[in-house]
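Have a look at the structure below, then the notes.
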2 protein chains.
Amino acid sequence: MAERSAASAKPIRTALNDDDGIDFALIELFFFAYRDFTSDPDEMLADYGFGRAHHRILHFVNRRPGLTVAELLDVLKITKQSLARVLKQLIDAGHVIQVQGPRDRRQRELYPTAKGRTLALDLARPQSRRIREALREAAPSDREAIERFLKAMVNPELRPQIDNLP
Amino acid sequence: MAERSAASAKPIRTALNDDDGIDFALIELFFFAYRDFTSDPDEMLADYGFGRAHHRILHFVNRRPGLTVAELLDVLKITKQSLARVLKQLIDAGHVIQVQGPRDRRQRELYPTAKGRTLALDLARPQSRRIREALREAAPSDREAIERFLKAMVNPELRPQIDNLP
DNA sequence: AATTTATGTCAGTCATGTTGACATATTTTT
DNA sequence: AAAAATATGTCAACATGACTGACATAAATT
């Protein structure tokens, strides 16, 4: 008999499970947890006409005021054209301002305004609350284990980036 | 003096940090960890002309073979129009096939083909390896704490969905 | 003076999501 | 049997946030 066409290939009726040597439990938990983790700020941002991209910029500008465009690109791992549009909207809306670099005048240092600081805090609050509640019955050692795990999930060469934050 | 225009508002030079009552450490760890967690399959998918959306469908079809379109929509929380395009590509490429529901003939049960099963496993392997390595020095109790934490991060009403998986 | 660097900008494309409207087949209800 | 509800599919238009490639400008470095 000739090879079956793709369309008529037989359906596989058995489910993939952890016996296949893959940690599906944690893969799925990570997916669902992250989805809901981002859902609170996503809803708030919609009221401003902003998206997740604005949130990320606003977050890091607040966490590292004065960082340059190049540094921000490095943290976010996106292209400058991609950053430009979203950053411009944040500047026009008065959440972020650019200041010419004092040493190197080609650089543009990015700072939050009072308005941008407030929004960043508003967006972070529900995420922090979700984390706090998720840790409510956890021991301090549990929190440490979770931090170690999350950090170990990051590519080794990018871990210095994390340590650069306050 | 009149109120400043948005463009000339003063830059805030102090960094947001954990003293502000927000758990920035875990917020950022979660962001970076998830970004890198998805990067391995993202690169592989590019070779097929597929994206993250294809991955999610393929994953759940392999984890719950025979699930219906409606069930898949419920898991993914996207619209049917959004699902349709991506699902069609997976069907045309021979990774997924539809079978008319035996009880209710309006339903379309979704199954992976051998090809789809292989791809799902290939995509899951680097993610599982990353998790395994991140847990290498963790105690079994640490893993339990991490699982509890991730599950607690999911909206309570959606947790049954997780328990539905093998 | 020439080159490199940091940033900005224009133009086009792609992937993935959205809403709204409508079509079809099948099942359930009346 | 007829009507209503349900599961799915499909068409069209649109938004967001990524991408590539090309080019412009100002400032710093060589």
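Below, chains carry the letters A, B, ... as their sequence lines are ordered, and counting in each starts from 1. Side-chain atoms are counted along with the backbone in the values below, which use heavy atoms only and exclude waters and symmetry mates.
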query: Which atom names give the shortest non-hydrogen contact between A:Leu158 and A:Lys77, and what distance separates them?
result: CD2-CE, 3.7 Å
Atom-to-atom span, CG of A:Asp92 to C1' of C:dG8 - whole angstrom: 14 Å
query: How many Å lie between CG on B:Leu76 and C1' on C:dT18, as a whole number?
result: 15 Å
task: For B:Leu73 and C:dT18, give me the distance from atom CG to atom C1', rounded to whole Å.
output: 14 Å
task: Name the residue closer to the 5' end of DNA chain D, choosing between A:Thr79 and B:Leu87 according to the nucleotide with the nearest heavy atom.
output: B:Leu87
- request: Could you state the atom-to-atom distance from NZ of A:Lys77 to C1' of D:dC19 in whole Å?
  value: 16 Å
Nucleotide nearest B:Arg108 when distance is taken to its side chain, options D:dG9, D:dT10, C:dT9: D:dG9
- prompt: Relative to the 5' end of DNA chain C, which residue comes earlier, B:Gln81 or B:Val86, by the nucleotide with the nearest heavy atom?
  reply: B:Val86
query: Yes or no on side-chain hydrogen bond (donor to acceptor under 3.5 Å, both in side chains) for B:Arg159 and B:Asn164, after CA distance, side-chain angles and deciding distance?
result: CA-CA 9 Å; B:Arg159 280 177 212 153; B:Asn164 255 5; over 6 Å; no
Test log, rule side-chain contact (heavy atoms from CB on, under 4.5 Å), inputs B:Leu72 and B:Phe60: CA-CA 8 Å; B:Leu72 186 51; B:Phe60 287 109; 4.0 Å; yes
- prompt: Is there a donor N/O on one and an acceptor N/O on the other, under 3.5 Å, for the side chain of B:Arg85 and the base of C:dG17?
  reply: yes
message: Please tell me if A:Gln100 has a side-chain N or O lying less than 4.0 Å from either OP1 or OP2 of D:dA26.
response: no
task: Determine, step by step, whether B:Thr68 and B:Arg108 satisfy the side-chain hydrogen bond (donor to acceptor under 3.5 Å, both in side chains) criterion, reporting the C-alpha distance in whole Å, the side-chain angles of both residues, the deciding distance to 0.1 Å, and the verdict.
output: CA-CA 6 Å; B:Thr68 64; B:Arg108 301 284 176 270; over 6 Å; no
- prompt: In whole angstroms, how far is the P atom of C:dA6 from the CD atom of A:Gln98?
  reply: 16 Å
task: To the nearest Å, give me how far apart CD1 (B:Ile78) and P (C:dG17) are.
output: 5 Å
message: Any side-chain N or O of A:Ser82 below 4.0 angstrom from OP1/OP2 of D:dG17?
response: no
query: Looking only at atom types and distance, does a side-chain atom of B:Ser128 sit under 3.5 Å from a main-chain N or O of B:Ala124, one as donor and one as acceptor?
result: no
message: Do B:Phe50 and B:Leu87 sit in one hydrophobic cluster, given that two such residues count as connected whenever their side-chain heavy atoms are within less than 4.5 Å of each other, even indirectly?
response: yes
message: Whether the side chain of B:Arg106 and the base of C:dT27 hold a donor-acceptor pair under 3.5 Å is what I'd like checked.
response: no
field: Selection from C:dT18, D:dG9, C:dT9 that lies nearest to any side-chain heavy atom of A:Lys80
entry: C:dT9
- request: Take atom CG of B:Leu72 and atom P of D:dG9, then tell me their distance rounded to the nearest Å.
  value: 11 Å
- prompt: Starting at the 5' end of DNA chain D and moving along, which residue's nearest nucleotide shows up first, A:Leu83 or A:Arg103?
  reply: A:Leu83
- prompt: Heavy atom of residues 38-68 of chain B under 4.0 Å from DNA chain C: which residues?
  reply: B:Gly51, B:Arg52, B:Ala53, B:His54, B:Arg56
query: Base, sugar-phosphate, or nothing for A:Lys88, non-hydrogen atoms under 4.0 angstrom?
result: nothing
- request: Quick one: sort the A:Phe149 and A:Phe30 rings into parallel, tilted or perpendicular, breaks at 30° and 60°.
  value: perpendicular
query: Which is true for A:Gln89 with a 4.0 Å heavy-atom rule: it touches a base, it touches only sugar-phosphate, or it touches nothing?
result: nothing
- request: Identify the residue among B:Gln127, B:Arg63, B:Arg130 that makes a side-chain contact (heavy atoms from CB on, under 4.5 Å) with A:Ile27.
  value: B:Gln127
task: Describe the nucleic acid contact of B:Glu109 in one word from base, sugar-phosphate, nothing, applying a heavy-atom distance below 4.0 Å.
output: nothing
base_contact_polar (D:dA7 base, B:Arg105 side chain, donor-acceptor, <3.5 Å): no
field: For atom CG of A:Asp104 and atom C1' of D:dT25, their distance in whole Å
entry: 14 Å
